[in-house]
Amino acid sequence: MTTLDAMNAVTATPESTPTLSNEERAVLDGERGPAPQLAMRIVVRMARILGARELVPVASAHIDGCLYHGDGGVEFAERLVSLGGKVDVPTTLNVGALDLLNPRRVRSAGHRREMAFRQMRAYEALGCRPTWTCAPYQAGHRPGRGQDVAWGESNAVVFANSVLGARTNRYGDFMDICCALAGRAPRTGLHLDENRRATVVVGTGAINPALKERDVFYPVLGTWLGATVDERVAVVTGLPETATEDQLKAMGAASASSGAVGLFHVEGVTPEAPDLATALGGRAPETILVPRARELQRVRDALSTTGTAQLDAVALGSPHFSRDEFSLLEALLPHEPFRIPFYVCTGRAEYQRLQTSGRLRRFEEAGVEIVADTCVVVAPILPARGSVLMTNSGKFAHYTPATTGYDVVYGSLEDCVRSAATGRVTRDESLWS
Amino acid sequence: MELIGAPVHAGEGRGRLLVLERPLSFWGGVDPETGRVSDPRHPQYGEPLGGRILVMERAIGSSSSSAIMLELLRNDVAPAAIVLGSTDAILVLGVLVAEELGYASIPLIDVGRNGFERIRDGSGGRGHVRAGAREAILRVALA
């Protein structure tokens with residue numbers, strides 16, 4: 001069937017067609033040009049499929065669709081460029097499949113490399129900011145509480161909703177750029193108040209308080225949360241009020257890897273949970289969960305796929321490393337260079353800050369290889385001959401085996417540094433026993 | 001056998017039924033070039049989707065599955081139709097984009113959990129999906 005027939009099919013069911021404003025109707029009729037028209041057509045058709053009654057204006061967008069999965073993604077982006085497309089709202093870009101600042105970092109060649117490059121350039125031509133980071137919220141893109149946005153990339157989505165209190169669904173490939181060009185998203189899901197209140201309470205009273213102070217705890221809690229609640233919205237109680245932004249970022253990224261978490265609340269910490277009753281929207285929870293220490297220990301153990309002491313590389317920075325995380329790492333750097341490859345993935349904004357401040361040299365002297373614009377699970381960067389990777393990231397731990405063929409060992413930042421210094425896995429077990 | 005469902009995306013398709021015993025993520029689970037199930041842990045590992053009436057309880061996993069759906073249509077290895085036990089917003093997006101780029105389109109219909117249970121043993125039979133604006137129907141001749 002042709003596109004025209006499909007559109008007739010849309011208008012033939014008025015009961016499920018979203019109501020459009022005059023402005024939205026004008027875009028759909030092509031009065032702003034063919035690119036916004038195409039984008040609006042897709043947004044409206046998706047709104048109908050999702051049962052949205054209207055569209056919501058979005059204040060910004062973050063694009064995950066700039067990562068190469070096949071030539072179709074390039075063709076679509078280049079079609080939008082050829083139609084003169086420009087994003088209607090401030091828009092940042094997630095990682096691509098190449099390190100543009102250090103092209104030799106990624107071992108890809110021929111057609112794939114060429115197409116990955118064309119895809120990245122096409123998104124730049126659409127007016128997106130070339131931030132190339134999965135942590136845009138630490139590169140100056142921070143929507144405010146209650147602001148509707150259209151963000152892609154699961155960790156960025158859960159951070160925007162949970163930590164910033166902005167409102168977005170999980171807008172993946174194609175939908176992210178269509179919302180950015182149309183300036184609209186279907187008004188459904190997490191854009192609506194009623195879907196943002198927690199229905200699950202997670203009590204952390206059974207967990208050693210000292211463990212809750214440590215960074216290494218948060219990816220484990222996040223992995224447990226995602227596997228347990230999946231799409232449901234949870235409010236976590238009993239975490240220290242001093243929980244840092246980087247701890248919440250690591251927790252959210254892990255939860256969105258093991259499950260479809262788009263939003264969580266932390267009582268007394270995140271903006272929509274000043275207290276338990278507010279997070280629950282004044283209603284009783286449907287489920288109350290109290291994970292046991294042993295349960296979380298099992299989740300922590302399952303983040304590793306091997307018990308070997310052999311180690312071939314360390315990778316940090318999923319989501320991309322922040323300024324604070326670089327400072328923590330800097331304080332731990334050994335005097336002798338690492339014995340194995342040690343990668344830290346970050347956005348170019350952070351990389352350039354390290355360059356300008358002169359701190360980059362200290363990391364390079366220790367043997368740290370800084371990967372910008374991309375990361376080790378979406379591009380071939382890890383040594384071809386290695387087989388065991390250590391990381392402090394729950395998200396890397398989740399995706400590394402399937403995307404790189406490496407086995408993975410999960411540990412704290414301190415564990416990773418100590419292990420890279422000796423080339424053998426060493427982990428501090430004391431807090432977990 | 002006839003099943004009435006809700007149209008997710010209109011169109012018509014015929015082919016042999018392939019019923020997935022478990023939900024599948026197209027991203028990481030289907031080879032975009034061959035159209036075969038590529039997740040070795042999936043019960044239908046190795047099965048080609050091309051030209052089949054693909055029946056699955058639900059689509060799961062990464063939103064990049066839209067991109068894989070587009071690749072399947074571009075490479076002419078897409079299912080002839082997709083019959084779901086619950087509605088889906090990810091695979092259908094790949095179909096909408098394929099239409100915009102001028103590639104072939106396929107229907108998607110939602111027959112609900114009960115509908116899925118009725119045809120879950122139907123692999124190998126022949127199916128015919130017709131989805132209009134308001135109503136969708138799957139006719140099955142069991143093997």
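Just so it is clear: chains get the letters A, B, ... in the order the sequence lines come, proteins before strands, and each one is counted from 1.
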*For chain B, which of A:Arg170, A:His69, A:Glu153 has the most heavy-atom pairs under 4.5 Å?*
A:His69
*Find the one option among A:Leu38, A:Leu50, A:Ile42 whose heavy-atom pairs under 4.5 Å with chain B are most numerous.*
A:Leu38
_Heavy-atom proximity to chain B below 4.5 Å, by part of A:Asp71_ = both
*Under 4.5 Å between any side-chain heavy atoms of A:Arg53 and A:Arg187, yes or no?*
no
*asked:* Would you say that A:Lys86 contacts A:Leu126 through its side chain, given a criterion of any heavy-atom pair below 4.5 Å between the two side chains?
replied: no
_Contacting region of B:Leu93 [heavy-atom separation from chain A under 4.5 Å]_ = both
_Contacting moiety of B:Asp88, where chain A heavy atoms sit under 4.5 Å_ = backbone
*So which of B:Leu101, B:Leu70, B:Ile68 has the biggest tally of heavy-atom pairs under 4.5 Å with chain A?*
B:Leu101
*Going by atom types alone, do A:Asp173 and B:Ser66 pair a side-chain donor with an acceptor below 3.5 Å?*
no
*Indicate the atoms forming the closest heavy-atom contact of B:Leu3 with B:Gly115, along with that distance.*
CD1-O, 3.5 Å
*Does atom CD of B:Glu33 have more than 12 heavy-atom neighbours, drawn from other residues, nucleotides or ligands, at distances under 6.0 Å?*
no
